[in-house]
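These notes concern the structure reproduced below.
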Amino acid sequence: MNKGISWFNICMLLFGFVFLYAPIVILIIFSFNSGKLVSVWSGFSTHWYGALFHNEQILEAAWISLKIGAINATIATILGTLVAFALNRFGRFRGRTLFTGMATAPLVMPDVITGLATLLLFVGIGMARGMATITIAHITFSLAFVAVIVRARISALDMSLEEAAMDLGARPVKTFILIVVPLLAPALVSGWLLAFTLSLDDLVIASFVAGPGATTLPMVVFSKVRLGVSPEINALGTIIVLLVTFCIVIATLIFQRQERQKILDDQMARRG
Amino acid sequence: MNAVESVTGSSSDGSPYVRIENVTKRFGEFVAVDNVSLDIERKEFFALLGASGCGKSTLLRMLAGLEKPTEGRILIDGQDMTNVPPYERPVNMMFQSYALFPHMSVEDNIAFGLKQDRMPVAEINKRVEEMLELVQLGQFGKRKPHQLSGGQRQRVALARSLAKHPKLLLLDEPLAALDKKLREQTQFELMNIQDETGITFIVVTHDQEEAMVLSTRIAVMNQGVIQQIGSPNEVYEYPSSRYVADFLGSVNLFEGEVASINQGIEIRLPQADLHLVANNRDNVTIGQNVAVAIRPEKISVSIDKPNELTNQCQGKVDEIAYQGSLSVYQVKLADGRMVKVSSPNQVRTAKRTIDWDDSVWLSWDTDACVVLID
Amino acid sequence: MKSMPFRITGRTLAVAAPYVWLLIFFLAPFAIVLKLSFAEPLIAQPPYSAVFEWAGGLLPNFTGSLDNYQFLLTDDLYINAYLNSIKIAMVSTILCLLIGYPMAYGIARAPGAWRNALLMLVILPFWTSFLIRVYAWIGILKNNGILNNVLLGLGIIDEPLQLLHNNFSVYIGIVYSYLPFMILPLYANLARMDDSLLESAADLGCRPWQAFTRVTLPLSIPGIIAGSMLVFIPVVGEFVIPELLGGPDTLMIGKVLWNEFFQNRDWPVASSVAIAMLVLLVIPIVIFQHFQNKDSESNP
Ligand SMILES: Nc1ncnc2c1ncn2[C@@H]1O[C@H](COP(=O)(O)OP(=O)(O)OP(=O)(O)O)[C@@H](O)[C@H]1O
Ligand SMILES: [Mg+2]
């Protein structure tokens with residue numbers, strides 16, 4: 001299988017991963033620096049973590065971001081799943097081309113355009129800016145990402161499972177809940193998580209559509225970073241990286257255990 | 001079209017149980033099922049037989065309600081079902097891929113349909129147990145589908161589709177994924193289950209042997225059109241067309257012209273000094289071009305000239321294929337035509353009397369010749 | 001597609017919900033941007049003039065003007081920013097492709113157990129904060145940053161290099177942030193490719209390099225296009241990276257739009273900048289959609 005892999009490939013992989021990870025590693029190391037400079041080591045300390053957890057502004061913004069992220073992820077997952085079904089299972093319908101376009105363009109649309117456009121809509125319809133407007137703007141682009149993930153899973157799904165359920169007397173909605181949703185669960189979970197992180201990560205769109213009292217975490221980070229480097233941000237970055245890594249490792253372990261269990265089960269089945 | 005009412009299970013009120021009326025199904029321009037009309041009686045074991053892509057599954061799916069006919073009507077037990085969705089039909093289907101729900105245990109799979117009917121839990125449990133007994137999977141109820149072997153999965157799929165006691169069971173190539181041994185064994189199980197439950201079965205298959213073993217009647221399909229309907233014996237022994245004769249088993253086809261009609265029909269083959277005599281049938285006129293179909297097992301092969309049979313000719317053994325229970329000979333006639341002959345191996349073949357390049361006599365009864373006029 | 005016997009109502013509802021959402025919150029805003037790009041800035045709430053005026057007739061009168069677009073064309077700032085964005089986006093796309101293709105190829109050909117781990121390593125940064133990862137580069141590239149310190153320490157240079165706040169740091173930041181977007185579609189494409197294709201090419205007398213250029217490369221073009229569009233389009237409008245890593249001479253259209261909006265509070269000009277950017281991006285977006293949807297529909 002690894003016949004085609006050459007020294008050149010291995011070097012490129014090494015170079016690429018060093019490039020991708022060096023900044024993150026350095027970020028983590030200097031979050032434990034006692035000095036204020038993020039480039040000169042002056043001793044180990046967890047001082048900046050303490051400072052971070054006493055920074056009301058950051059904590060409040062983080063809380064707002066988490067709330068927006070969770071609501072956004074939930075609604076975007078529902079809408080994105082509907083989009084995926086409409087595009088992969090409903091065949092042709094009127095306005096399909098426009099629908100496909102609207103569901104794919106947000107994947108690449110530059111944030112400044114989306115942000116400006118969405119803001120003008122809110123101003124036009126006289127909607128007060130705040131958490132609600134940020135959430136709506138986030139849902140609009142997150143749902144496109146969820147749709148991509150769910151579509152990949154749907155097209156791998158055996159259509160006769162749905163037909164079998166209906167044949168056994170389940171109405172379409174029930175078929176969807178009892179058969180489709182459990183089978184799509186992995187895609188729905190990754191879709192939700194992706195939508196959540198996209199929202200947590202967005203600076204530009206939120207800056208356009210935010211109002212007073214709805215400052216998200218990236219907006220606070222950005223205003224701090226613009227003034228120069230700050231070890232508190234290193235600490236925040238480290239926490240995010242460790243949290244994400246932890247979640248992914250756990251997920252991978254669970255997944256591997258299921259795989260192993262499956263193999264054991266299969267062996268049992270062959271003997272029984 | 002309904003040639004043989006005699007073989008079908010008699011229906012109580014005289015009207016057929018399933019009636020397919022002039023049903024056509026088009027996918028865009030493509031005609032998958034072409035103006036099919038078909039009646040199926042109560043308790044019948046009906047087989048749809050045909051080559052891949054001829055529209056068998058499509059016809060079955062229309063009965064299940066998974067596809068809507070472009071034209072025509074489908075009646076089940078006298079009720080028009082054409083526009084009834086699948087979840088409201090008294091019909092269940094066993095899918096070609098089994099379509100077992102991978103996230104549910106065997107029991108939950110079998111109980112799925114019963115739960116949709118809101119049957120009391122105690123009754124569901126009882127029914128599930130019965131079904132597991134029926135398909136001999138008593139101790140496998142708690143397993144997930146991926147923990148079962150192919151044959152076991154197939155039986156779960158069967159149990160699931162039987163659990164609701166449907167009036168009509170549709171089976172799409174139920175045994176295609178099984179090996180030969182298991183397939184034969186399951187064929188008998190299927191027949192027993194049908195006997196016990198009294199459910200009407202419609203089975204789709206492209207395996208002609210399976211269709212013959214299982215069914216009371218067979219419909220042979222070709223390119224969306226039903227070619228012939230009849231009992232296994234009938235379609236095999238009295239094929240109505242070249243297609244059916246050729247599709248079911250192997251056959252020797254001779255093209256010729258009707259020379260005379262007396263006690264039998266005499267057919268002269270062009271460029272060959274050979275006359276065939278077949279039994280009389282309707283719709284044949286002198287001078288007509290016809291085909292004669294003769295099954296290989298109807299021809300006897302011998303070294304010495306036989307004396308009693310009307311049809312005989314001489315040839316040279318070109319090829320012998322030993323197939324265990326029988327041997328198949330390819331015999332080359334004087335005009336270069338090849339005739340296939342099969343004969344049972346009644347004695348051990350250590351001293352085979354007929355060998356390569358032997359000059360042999362072929363002979364057969366007038367009854368063995370089927371005259372095809374289409 | 002098989003015709004599913006869904007009831008019309010349920011099906012319609014399932015399509016209508018996201019459809020209406022996208023019409024209101026994705027499509028309608030662009031119409032408003034277009035309209036506003038013909039307006040004039042006012043010191044008012046909202047800060048722009050009306051484009052359509054109701055004169056009692058059946059149709060409103062168009063009172064907007066093309067002044068904003070004329071302004072964009074006459075001021076060097078906008079044209080330079082526009083052209084510079086395209087240049088930066090193109091160069092970064094090529095850089096991402098040059099680094100990303102061998103990586104994707106290496107991952108796709110890696111032994112089974114390694115493949116998922118390597119893929120995970122590509123995806124992992126994507127889940128962590130983009131802003132903070134860009135910020136990490138400031139500490140590395142600053143005049144008294146880590147890279148300069150290391151180079152000074154090793155005696156390779158005598159005085160700190162200007163690494164930050166110029167085009168170099170912008171390219172670093174963009175390639176760094178967008179590399180996963182290039183690798184993932186390329187990997188998806190290369191992983192799907194049948195090994196036996198290369199084997200039969202070798203069997204027919206192709207050397208490995210020839211097999212690559214004649215078989216692998218042509219077959220991976222859909223992946224290359226998808227990845228390139230996924231990088232090129234958003235980079236044209238990128239704001240965060242030029243803002244944090246770029247210098248005063250790093251003109252990018254996204255940054256210009258941001259400044260028009262947040263600093264000059266000139267909404268109509270910001271709108272016309274957005275429209276100008278969209279006009280540039282329409283074709284790449286259509287190409288991207290074509291490949292994206294072809295891929296999603298024809299999955300095995
Ligand atoms: N949804 C569809 N859209 C277009 N064509 C279809 C569709 N379903 C079936 N067909 C076509 O209709 C024809 C009949 O298909 P069908 O599945 O009924 O064949 P079959 O007799 O069951 O064959 P097999 O033995 O291979 O299962 C085929 O040529 C197939 O390509
Ligand atoms: Mg079929």
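Letters go in sequence order (proteins before strands), and every chain restarts at 1. Just so you know, these numbers come straight off a predicted model, no measurement behind them.
Of the atoms belonging to C:Leu281, it is side-chain heavy atoms, and not backbone ones, that fall under 4.5 Å from chain A. Within the 4.5 angstrom heavy-atom criterion, atoms from both the backbone and the side chain of C:Leu22 approach chain A. Only the side chain of A:Leu143 has a heavy atom closer than 4.5 Å to any heavy atom of chain C. Heavy atoms closer than 4.5 Å to chain A are found in the side chain of C:Leu257, but not in its backbone. Heavy-atom distances place no part of C:Val231 under 4.5 Å from chain A, backbone and side chain included. Contacts of A:Phe196 with chain C are absent, with no heavy-atom separation under 4.5 Å from either backbone or side chain. Of the atoms belonging to A:Ile125, not a single heavy atom falls under 4.5 Å from chain C. For chain A, the nearby parts of C:Val122 are the backbone and the side chain; heavy atoms of each come within less than 4.5 Å. Both the backbone and the side chain of A:Leu20 come within less than 4.5 Å of a heavy atom of chain C. Only the side chain of A:Ile248 comes within less than 4.5 Å of a heavy atom in chain C; its backbone stays farther off. Both the backbone and the side chain of A:Ser207 come within less than 4.5 Å of a heavy atom of chain C. For C:Trp21, the part lying under 4.5 angstrom from a heavy atom of chain A is the side chain only. Both the backbone and the side chain of C:Tyr19 come within contact range of chain A, with heavy atoms under 4.5 Å apart. Both the backbone and the side chain of C:Leu121 come within less than 4.5 Å of a heavy atom of chain A. Both the backbone and the side chain of C:Leu23 come within less than 4.5 Å of a heavy atom of chain A. Heavy-atom distances place no part of C:Ser177 under 4.5 Å from chain A, backbone and side chain included. Residue contact with chain C, scored on non-hydrogen atoms closer than 4.5 Å, is absent for A:Ala137. Residue A:Leu119 touches chain C through its side chain alone, counting heavy-atom pairs closer than 4.5 Å. With a 4.5 Å cut-off on non-hydrogen atoms, C:Leu141 does not touch chain A at all. Contacts of C:Tyr176 with chain A are made by both backbone and side-chain atoms, with heavy-atom separations under 4.5 Å. With a 4.5 angstrom heavy-atom cutoff, A:Thr197 touches chain C only via side-chain atoms. Neither the backbone nor the side chain of C:Ile183 comes within less than 4.5 Å of any heavy atom of chain A.
Counting heavy-atom pairs closer than 4.5 Å to chain A, the top-ranked of the candidates C:Pro284, C:Ala136, C:Pro180, C:Ala31 is C:Ala136. The candidate from A:Leu120, A:Leu27, A:Val241 with the greatest count of non-hydrogen atom pairs under 4.5 Å with chain C is A:Leu120.
From C:Leu230, atom CG reaches atom CZ of C:Phe232 across 13.0 Å, with rounding to the nearest 0.5 Å. Taken to the nearest 0.5 Å, the CD1 atom of A:Ile75 stands 10.5 Å off from the OG atom of A:Ser142.
Side chain of C:Asn148 to backbone of C:Lys142: a donor-acceptor contact under 3.5 angstrom is found. Judged by distance alone, with hydrogens and angles left aside, the side-chain atoms of A:Ser199 form no donor-acceptor pair with the main-chain N or O of A:Asn72 at under 3.5 Å. At distances below 3.5 Å, at least one donor-acceptor pair connects side-chain atoms of C:Tyr135 with backbone N or O atoms of A:Ser230. Judged by distance alone, the side chain of A:Asn9 and the main-chain N or O of C:Pro102 form a donor-acceptor pair under 3.5 Å.
Side-chain N/O atoms of C:Ser37 and C:Ser272 include no donor and acceptor closer than 3.5 Å.
The distance between the ring centers of C:Phe181 and C:Phe126 falls below 6.0 angstrom. Aromatic rings of A:Phe208 and C:Trp258 (six-membered ring for Trp) have centroids within the 6.0 Å cut-off, being under it.
Under the side-chain contact (heavy atoms from CB on, under 4.5 Å) criterion, C:Phe212 pairs with C:Tyr101, C:Tyr105, C:Trp209, C:Thr216, C:Leu217, not counting sequence neighbours.
Using bins of under 30°, 30° to 60° and over 60° for the plane-to-plane angle, the ring pair C:Tyr178/C:Phe130 lands in the perpendicular bin.
The side-chain heavy atoms of A:Asp111 and C:Glu238, taken from C-beta on, include no pair separated by under 4.5 Å.
Taking both residues in full, the closest heavy atoms of A:Ser155 and A:Ala152 are given as OG-O, 3.1 Å, listed atom of the first, atom of the second, then distance.
Salt-bridge annotation for A:Arg226 and C:Glu243: present, with a side-chain N of the basic residue lying under 4.0 Å from a carboxylate O of the acidic one.
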